[in-house]
Number of protein chains: 2
Amino acid sequence: MTDRQEQWLAAEQLALTLTEGGMQRMAARTLAVFLFTDRESVTAGEIIEQLEASAGSVSSAIKSLLTVGLIERLPAPGSRREHYQLRENAWATLFTSQNAVIQAMLQAAAAGIATTASSDPAHQRLTQMHDFYEFLLGEIPTLLDRWHQQSEPSTPRDHRRA
Amino acid sequence: MTDRQEQWLAAEQLALTLTEGGMQRMAARTLAVFLFTDRESVTAGEIIEQLEASAGSVSSAIKSLLTVGLIERLPAPGSRREHYQLRENAWATLFTSQNAVIQAMLQAAAAGIATTASSDPAHQRLTQMHDFYEFLLGEIPTLLDRWHQQSEPSTPRDHRRA
DNA sequence: CAGAGTGTTCAGTAATTTCTGAACATACGG
DNA sequence: CCGTATGTTCAGAAATTACTGAACACTCTG
C-alpha cells in the first residue's frame, strides 16, 4: 500500500473518532480532508472527489465547519472556485467548543439546585456536579493561555521528545 | 408547575445535552435520573417508571453506565431488587473519558505524520495538531489533581460566590 | 447578456440508531 | 424445590439521522 493510501486511511480513522465524539459524519470526514491534503487550500470539488460524496452533503459540511470556525474561506484568488483552508487555531477552537456543553451542564445543575431543598440528596449531588463544571469552565482559559505561550513564542523551541 | 415537575424537566434537559455530546440517549436519561432522584439509591423499576421506558432499554442503559464507571451497584440490602447509585467522582470520570478521544486523535495525527514528507503542508498541520493534543493530554492529570485538592480537603470551604 | 462552471437548497430515500416486547434466565421466599 | 418477582437478551419495529440527486441560484467570461 502506498503512503498516500495510508494517509487517507488515517484520515478516515480520525473522522470516525470525531464522529464518535459527537461531530456529524460528513463534517468530520471533510475536516479530515482539510487536515490531510497536500495542498495549501482546497475546493469543494476536490473534497467531493476525495470523499466520493455528493455536492450537497459536502456543501453543508463546509457550511457547518465555517460556522464553528474550524475552516475559513480564502480571499478569492481570481478563480471561480471558492478555496478553503483549515484555520490556524482549529484544534483549540474544537476544544473550546466543548465549553458550550459544559455551560449547558452547569445550567441544568443550577436549575435542579434551585428547586430542591438542601435536605434532598439530589441537592448535594447537583451541587457537587455544579462545582465541578464551574471549576472546569474556569480552568479552560488558563489552559489555552498556557498552550499559546508554549506554541507561539518567537523562539519556537523543539517540542519533540528526546 | 410544581418543583418536582420542574426538576424532571431540568433532568431531561441535561439528558439532551449529554446526548448531543455523544452519549446514548437512554443512558443519558438514566444518568439524569440518578442525579435528580430524591432517594439515596435507585432500582431499575424506579427508572422504568420515571422514564416510561421499557425494561430492556433501561437494562442496557444501566449496563453501559456501570461499564464506564458512572454508577455502581450497591451491596444488596437483603432486597430482591438491585440498587444502584451515582458514583462519588462520576463527573470527573465522565470528563476523563474524553481522554480516549484525545488519544485517538493523537494516533491519527501520528499515523499521518509518519507517511508525509516534511515539505508536505499536511506534515505541518498534522504536527500542530499532534502537539496540541499531546499538550492537552499532559495537562488533564494536573487539572484533576487541582480539582481533588480543591474539593476534598478536610476543611471543606464554602464554594459559593459572594 | 448568454453560456458555462460552481455552489446551495431541499424533498425523498437510504442507512443507522434506538426502543420495545416477549421469551428466557436468575434468585429469593415460602 | 416451586412460584414469583426481577433482570437480561435479542429480533424486529419505529424513529431518527444522514445522504443523494436534481432543480435552482449565483458569478465570472467572453
Side-chain angles (χ1 to χ4, degrees), chain A residues 11-34 37 39 41-68 70-85, chain B residues 11-34 37 39 41-68 70-85:
Chain A
E12 291 286 357
Q13 183 56 53
L14 170 67
L16 265 183
T17 301
L18 288 168
T19 300
E20 282 174 17
M23 186 178 284
Q24 297 212 336
R25 197 178 121 83
M26 194 56 89
R29 293 183 71 207
T30 301
L31 182 58
V33 171
F34 278 101
T37 183
R39 316 195 179 191
S41 65
V42 186
T43 68
E46 288 160 3
I47 295 170
I48 290 168
E49 189 185 358
Q50 177 59 47
L51 298 182
E52 300 180 38
S54 73
S57 56
V58 169
S59 174
S60 70
I62 288 176
K63 191 165 146 192
S64 77
L65 292 178
L66 281 172
T67 300
V68 297
L70 289 174
I71 64 175
E72 59 194 349
R73 199 186 305 256
L74 287 182
S79 156
R80 192 173 303 187
R81 301 179 169 189
E82 301 277 13
H83 283 247
Y84 304 89
Q85 71 182 7
Chain B
E12 290 287 356
Q13 184 55 53
L14 170 68
L16 265 183
T17 301
L18 288 167
T19 300
E20 281 174 17
M23 185 178 287
Q24 297 211 337
R25 196 177 122 84
M26 195 54 93
R29 294 183 71 207
T30 301
L31 183 57
V33 170
F34 278 102
T37 183
R39 316 194 178 192
S41 65
V42 186
T43 67
E46 287 160 3
I47 294 170
I48 290 168
E49 188 184 0
Q50 177 60 46
L51 299 182
E52 300 180 38
S54 73
S57 55
V58 169
S59 174
S60 70
I62 288 176
K63 190 165 145 191
S64 76
L65 291 178
L66 281 172
T67 301
V68 297
L70 290 176
I71 62 174
E72 61 194 348
R73 199 185 304 256
L74 287 182
S79 156
R80 192 176 299 189
R81 300 177 171 192
E82 301 276 11
H83 283 247
Y84 305 90
Q85 71 181 8

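All values derive from a computational prediction rather than experimental measurement.
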In a table with atom names and distances, give each donor-acceptor pair under 3.5 Å that connects a side chain of residues 13-24 of chain A to protein atoms at least two apart or in another chain.
unit_1	atom_1	unit_2	atom_2	d
A/T17	OG1	A/Q13	O	3.2
A/T19	OG1	A/A15	O	2.9

Please report, to 0.1 Å, the donor-acceptor pairs under 3.5 Å made by any side chain of residues 25-32 of chain A, with sequence neighbours excluded.
unit_1	atom_1	unit_2	atom_2	d
A/R29	NE	A/E12	OE1	3.1
A/R29	NE	A/E12	OE2	3.3
A/R29	NH2	A/E12	OE2	3.0
A/R29	NH2	A/L51	O	3.3
A/T30	OG1	A/M26	O	2.8

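Note that CG of A/L74 and NE2 of A/H83 are 8.0 Å apart. Values are rounded to the nearest 0.5 Å. The line from OG1 of B/T43 to CD1 of B/I48 is 8.0 Å long, rounded to the nearest 0.5 Å. If you take CD on A/E72 and CG on A/L66, they are separated by 9.0 Å, rounding to the nearest 0.5 Å. From A/S41, atom OG reaches atom CD1 of A/I71 across 11.5 Å, with rounding to the nearest 0.5 Å.
The separation between A/R73 atom CZ and D/dT27 atom P is 11 Å, rounded to whole Å. One interatomic measurement links the two molecules: CD of A/E46 to C1' of C/dG7, which rounds to 15 Å at whole-angstrom precision. Taking atom CD1 of B/I71 as the reference point, atom P of D/dG7 lies 12 Å away to the nearest angstrom. The distance between atom CD of B/E82 and atom P of C/dA27, rounded to the nearest whole Å, is 10 Å. Going from atom CG of A/L51 over to atom C1' of D/dA18 covers 14 Å, rounded to whole Å. For A/H83 and C/dT6, the NE2 to P distance is 10 Å, given to the nearest whole Å. Between B/I62 atom CD1 and D/dT9 atom P there is a gap of 12 Å when expressed in whole angstrom units. Whole-Å rounding puts the B/R29 CZ to D/dA15 C1' distance at 14 Å.
No donor-acceptor pair under 3.5 Å is formed between the side chain of B/S59 and the backbone N or O of B/A55.
Comparing the axis of the opening five pairs of the helix from C/dC1-D/dG30 to C/dG30-D/dC1 with that of the closing five pairs yields an angle of 20°, rounded to 10°.
Contacts of B/E82 classified as side chain to side chain contact (heavy atoms under 4.5 Å, CB included), with partners at least two apart in sequence or in another chain: B/R73, B/Y84.
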Check against side-chain contact (heavy atoms from CB on, under 4.5 Å), B/L70 and B/F34 | CA-CA 10 Å; B/L70 290 176; B/F34 278 102; over 6 Å; no
Before giving the answer on side-chain contact (heavy atoms from CB on, under 4.5 Å), spell out for B/E46 and B/R39 the whole-Å C-alpha distance, their side-chain angles and the decisive distance to 0.1 Å.
-> CA-CA 10 Å; B/E46 287 160 3; B/R39 316 194 178 192; 2.6 Å; yes
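Considering only side-chain N and O atoms, B/K63 lies nowhere under 4.0 angstrom from the phosphate OP1 or OP2 of D/dG7.
Here the nucleotide nearest the side chain of B/R25, chosen from C/dG7, D/dC19, C/dC19, is C/dC19. When distances run from any side-chain atom of B/S59 to the nucleotides D/dT6, C/dT8, D/dT9, the shortest one goes to D/dT9.
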Nucleotide-resolved protein contact map, nucleotides 20-25 of chain C, B/S/- at heavy-atom distance under 4.0 Å = BB----
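A side-chain donor-acceptor contact under 3.5 Å links A/S54 and A/S57.
Interface residues of residues 17-24 of chain A facing DNA chain C, ordered by number: none; criterion, heavy-atom separation under 4.0 Å.
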